[in-house]
Number of protein chains: 2
Amino acid sequence: MAKEKKVSLKDVANAIGVSTALVSIVLNGKAKQYRIGDDMAEKVLKVSKEMNYSPNLIARNLRGGKTQLIGLVVTDISNPFFSSVSRVIENKAIELNYTVIFGSSDENLNNTKNLIEVLLNKGVDGLIIVPCDGSEKLIEKLQERGVPIVLLDRYFPNLNVSFSSLDNFKATELATQHLIDQGYTRISLIAYKSEMNNVTDRILGYEDSMKKAGLGANINIKRVSLINPKPDVNKAIESLINKSKTEAIVFTTNTLSIHGLYCLQDMQVTIPNDVAIVGFDGGDVFDLFYSPITYIEQPYVQIAEEAVTILVNKIKNGEQNKKSMVIIEPKLIVKNSSPKKD
Amino acid sequence: MAKEKKVSLKDVANAIGVSTALVSIVLNGKAKQYRIGDDMAEKVLKVSKEMNYSPNLIARNLRGGKTQLIGLVVTDISNPFFSSVSRVIENKAIELNYTVIFGSSDENLNNTKNLIEVLLNKGVDGLIIVPCDGSEKLIEKLQERGVPIVLLDRYFPNLNVSFSSLDNFKATELATQHLIDQGYTRISLIAYKSEMNNVTDRILGYEDSMKKAGLGANINIKRVSLINPKPDVNKAIESLINKSKTEAIVFTTNTLSIHGLYCLQDMQVTIPNDVAIVGFDGGDVFDLFYSPITYIEQPYVQIAEEAVTILVNKIKNGEQNKKSMVIIEPKLIVKNSSPKKD
DNA sequence: ATATATAATTAAAACGATTTAGCTATATGT
DNA sequence: ACATATAGCTAAATCGTTTTAATTATATAT
């Protein structure tokens with residue numbers, strides 16, 4: 001009720017009997033530059049601390065155009081991968097004196113567009129974006145507008161826009177090669193219907209490994225809806241198991257892996273006896289499964305931290321057009337779902 | 001690069017040849033109140049649309065003290081419960097024309113304090129807070145300062161602060177009664193070492209049910225570290241199984257349930273043959289477990305939506321001191337981990 | 001004809017910080 | 001002694017909005 005207003009620069013200035021300019025200068029560490037007397041400077045520091053002054057960031061922003069706010073656009077904050085990524089981004093941001101505003105796009109172009117506008121309107125200094133299908137033009141325009149951006153998880157190779165991402169090709173290459181090494185030949189892949197590079201590269205990594213192993217004829221890719229994958233996954237797996245006699249399945253995201261496990265469970269298909277599995281991203285579901293799941297691990301901490309670092313450099317140094325490209329190597333974690341074939 | 005500056009009120013005003021005041025008035029729907037001419041009002045609307053004007057929210061906030069920003073303090077955004085809650089809050093916020101800034105406290109008082117200060121500094125209009133142990137004074141002061149707050153997931157019964165939460169007593173009551181009904185008598189509980197009401201109420205619900213069933217002598221509560229629960233859970237379960245001959249375990253959070261499943265897995269204890277289980281919150285881990293886990297379901301969507309609704313009402317109507325209390329009923333979802341005892 | 005009401009609009013202050021240009025007093029150079 | 005340099009500080013503009021009080025012109029009442 002007794003809504004005490006915060007102490008302002010003016011309050012501090014009045015308390016000492018000087019101008020707000022002087023206080024501002026001293027507190028911004030420009031005392032020398034503006035040749036403020038040493039004793040005066042000291043006094044300002046002391047009094048403003050005593051009065052518990054902290055600058056009004058809104059006012060500072062209005063004047064200077066900086067909010068120390070980072071906008072984060074993910075596809076869904078409740079997706080474990082993105083909530084983990086968000087946590088890392090948050091921590092790194094705090095470390096660098098930023099705070100995160102976020103929004104979820106649901107892989108939808110319009111949502112992405114609206115969200116970005118809202119975040120810019122709130123005055124974010126820069127954006128970390130997980131771009132969705134069809135957002136290339138949007139991102140390009142943003143970059144042209146001079147907005148500091150870093151793409152995360154996926155990117156547009158043709159754009160001059162910085163990104164931090166997994167080596168997606170390597171990811172499925174690792175998975176596929178592992179299965180080949182274990183003696184499987186009828187290896188299939190389940191991936192989203194999306195033209196984003198994370199999906200297409202994962203497909204390429206699989207195809208390439210199969211071809212190099214002389215298994216080009218066995219390439220079998222099922223593509224499922226990005227928005228509502230479950231029914232498609234069910235259909236795909238049923239077909240793979242019953243028609244294609246697939247020996248092993250590579251899933252290209254965590255969500256797909258989990259839908260797959262549900263489906264195989266329902267079909268009473270035993271892992272790994274009836275089919276071998278390589279999942280994506282790990283998690284308790286994989287480790288607590290009756291047959292712990294082999295998976296591709298994404299070093300999401302690095303991916304997320306690099307994104308923040310790049311963005312903050314852009315913001316601070318105005319490196320708007322420097323294209324920083326971070327591609328992190330995946331790791332294969334071998335468990336029980338992909339044993340040597342007898 | 002060609003950082004085009006946004007069109008301002010002034011730009012629109014100049015284009016028409018009127019004052020910024022007039023434009024502002026019309027765009028805020030106060031034309032009638034200020035008796036602006038109908039033709040003029042129409043023209044302003046038209047031109048500002050043509051020029052693609054959108055207000056600078058920072059400036060607006062500096063003047064009016066509103067940012068349309070909601071601060072969210074959770075304990076950990078990467079915890080599935082809180083990431084799900086965040087997603088709901090985000091959606092509800094957008095619907096009401098707000099955006100969410102968030103931070104994670106890690107159940108730490110100092111972090112919570114710092115975070116709240118940061119968020120207030122960024123000018124949030126109000127806060128949704130998951131309070132941690134020892135934060136009662138902090139929250140009370142905030143309320144006294146006149147900051148709109150709603151607590152989520154946990155609350156302080158003695159404070160005049162609004163909250164939205166699960167009926168925690170009912171939750172463990174449901175779980176315990178279910179196990180009793182199924183014929184178990186040696187029922188134990190695993191809970192955090194925390195004095196927050198969500199934990200203490202869950203303990204009370206269990207104790208009450210046990211006593212009412214004449215099983216007071218069998219009450220067996222293991223309390224584990226909030227910060228690093230894993231080793232404590234392991235010790236607790238080992239003791240419960242080997243020493244106390246427990247027949248059934250009720251877990252009081254999702255994280256504890258999962259740690260418990262890992263431990264039981266390692267100990268080769270079979271569920272439900274060796275021990276029955278009731279978990280908390282559900283999730284793929286429970287459903288895909290070899291013996292799908294019975295659990296208490298928290299209607300997190302309602303809990304989260306109510307929190308936003310209450311907060312926005314506070315912000316808009318200045319209902320700072322109206323204490324809204326929302327307590328949502330849990331549901332028991334019975335699966336295979338708690339069968340009738342033979 | 002004079003006072004008063006009403007309609008339509010605007011000037012200017014305010015929010016709280018930063019920064020540029022300028023002011024005053026003392027010190028230095030010649 | 002006089003111009004100039006320097007040190008130390010301040011006035012005022014600025015960012016983009018909202019709002020209060022004021023202004024002008026016209027209409028109505030007496």
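These numbers come from a predicted model, not from an experiment. Chain identifiers are assigned alphabetically (A, B, ...) following the order of the sequence lines, protein sequences preceding nucleic acid strands; residue numbering begins at 1 within each chain.
The shortest distance between the side-chain N/O atoms of A/Lys66 and the OP1/OP2 oxygens of C/dT18 is not below 4.0 Å. Within the 4.0 Å cut-off from OP1 or OP2 of C/dT18, at least one side-chain nitrogen or oxygen of A/Asn28 is found. For the OP1/OP2 pair of C/dG16 and a distance below 4.0 Å, the side-chain nitrogens and oxygens of A/Lys6 include no atom meeting the criterion. Residue A/Ser24 places at least one side-chain N or O under 4.0 Å from the OP1 or OP2 atom of C/dT18. Note on A/Ser19: a side-chain N or O is less than 4.0 Å away from OP1 or OP2 of D/dT10. Residue B/Tyr34 places none of its side-chain N or O atoms closer than 4.0 Å to OP1 or OP2 of D/dA22. Of the side-chain N and O atoms in B/Arg60, none sit less than 4.0 angstrom from OP1 or OP2 of D/dG16.
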Between A/Lys43 and A/Val18, does a side chain to side chain contact (heavy atoms under 4.5 Å, CB included) hold up when you go through it step by step?
-> CA-CA 11 Å; A/Lys43 187 168 188 185; A/Val18 294; over 6 Å; no
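Using cut-offs of 30° and 60° on the angle between ring planes, the pair A/Phe81 and A/Tyr300 is perpendicular.
Applying the 3.5 Å distance criterion, the base of D/dT14 shares a donor-acceptor pair with the side chain of A/Arg63.
Closest to the side chain of A/Tyr53, out of C/dA8, C/dA17, D/dG16, is C/dA17.
Between the side chains of B/Thr67 and B/Asn61, not a single donor N or O lies within less than 3.5 Å of an accepting N or O.
Between the CD atom of B/Gln33 and the P atom of D/dT20 there is a distance of 9 Å, rounded to whole Å.
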